[in-house]
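Let me begin by presenting the structure, written as structure tokens, before commenting on it.
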Amino acid sequence: MGGRVLVTGFEPFGNHIENISQLVAASLDGEEIRGHTIESLILKVNQDGAKTVSKLLQTKNYAAIVHIGLAESAKFPRIELLARDLLDFSIPDNSGRFVKNQTISGNGDRESTIFIQDWDVKNMIDKPEISYDAGSFICNETLYNTLGVISKETPCVFLHLPKVQDDARGFTIQCIDRMLRPRCVDVGAGAIISNRKFLAARRSKNEKHAGWWEFPGGKFEEGEDANQCLIREIFEELELVVRTGEKIGNWIYDHGDIVVRLHVVECFIESGDIKLHVHDKIHWCEGPDEVDWLGPDREIAEAISAKL
Ligand code: PCA
């Protein structure tokens, strides 16, 4: 069942007359993402503000927590993965507190609870950067306090937004979507190459995604890597014995009910005659546009074509 997601922004501070994080957070209040409802809260830029959420969590539960703040000198949005056990202000906060080079708890830095490897960061809105330095001001203090009270199961991250970006709201929504979606399932996808052509296989009638073309392969089994998975899957699906070659790349794709991380690897036939088990047709492709590809497979076909 859908729960609540807490999104916080900050009031303006220093000599700023507005704070993008306040605008974005306020605009998201009541929005639904993946069946969850956003509750937004604007925090004061002082010690109370930095503690507001960690206190709130004594009585309330959230499916995910997203703190947003302004990163004065950033050019791109930053996804903060670490709250440092450090306060070292360069200006006073909005209550006049001016802290220099002090720890927050003395217990060390705290890590964000998101799985960034599942986010497909390179294809996200506004080219975010991954950062392990949330600064040493109120944003860092807020993240630090929240991470100190939540469990590892609650995704929590800090988004540091530049003063100007194309789509701060869209970027934030995309991050929340990433936090709420299921973990990636690792899947091997074989680029079976022969005579400068690569093999596409059509999923047969009774299979999920019937009628769409794909690269043979499947989910990693316990303890397998991409190569072992592909050698096994290609034998099960096509009765071909293959050896693996170079890795072509990884693609993360959200099918809605499941998010997959495709590990695409070159495969070369060692022996066997093709016999189909989960497909009803094969096609040897010379380029990316010869069949109706499933999900990200067209883009993968382009990458393979470029290597032929
Ligand atoms: N940015 C400041 C505090 C509030 C905000 O929006 C920071 O980066 O710490």
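Numbering starts at 1 and runs along the sequence shown. As the structure lists them, so they are numbered: ligands from 1, and atoms in each ligand from 1.
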Would you mind listing which atoms of ligand 1 come within a distance below 4.0 Å of any non-hydrogen atom of [X]?
X      : value
Phe13  : 1 (N), 2 (C), 4 (C), 5 (C), 6 (O)
Phe137 : 2 (C), 3 (C), 7 (C), 9 (O)
Asn19  : 5 (C), 6 (O)
Gly69  : 6 (O)

* To do: Measure across Leu82 and Ala134 and return the closest heavy-atom pair with its distance rounded to 0.1 Å.
  => O-CB, 3.6 Å
* Structure fact -> Of all heavy-atom pairs linking Cys156 and Thr146, the shortest is SG-CG2, 3.9 Å
* Salt-bridge contact Asp257-Lys208 (side-chain N to carboxylate O under 4.0 Å) -> yes
* Should Arg261 and Asp186 count as an ion pair when the cut-off is N to O under 4.0 Å? -> yes
* To do: Name the closest protein heavy atom to atom 8 (O) of ligand 1, giving the residue it belongs to and the distance to 0.1 Å.
  => His160 NE2, 2.8 Å
* Do me a favour and list the nearest non-hydrogen protein atom to atom 7 (C) of ligand 1 with residue, atom name and distance? => Cys139 SG, 2.7 Å
* Are a donor atom and an acceptor atom from the side chains of His160 and Ser131 found within less than 3.5 Å of each other? -> no
* Please indicate whether Lys60 has more than 12 foreign heavy atoms, meaning atoms of other residues, nucleotides or ligands, lying under 6.0 Å from its NZ. => yes
* Asked: Does an N or O anywhere in Val45 fall below 3.5 Å from an N or O of ligand 1?
  -> no
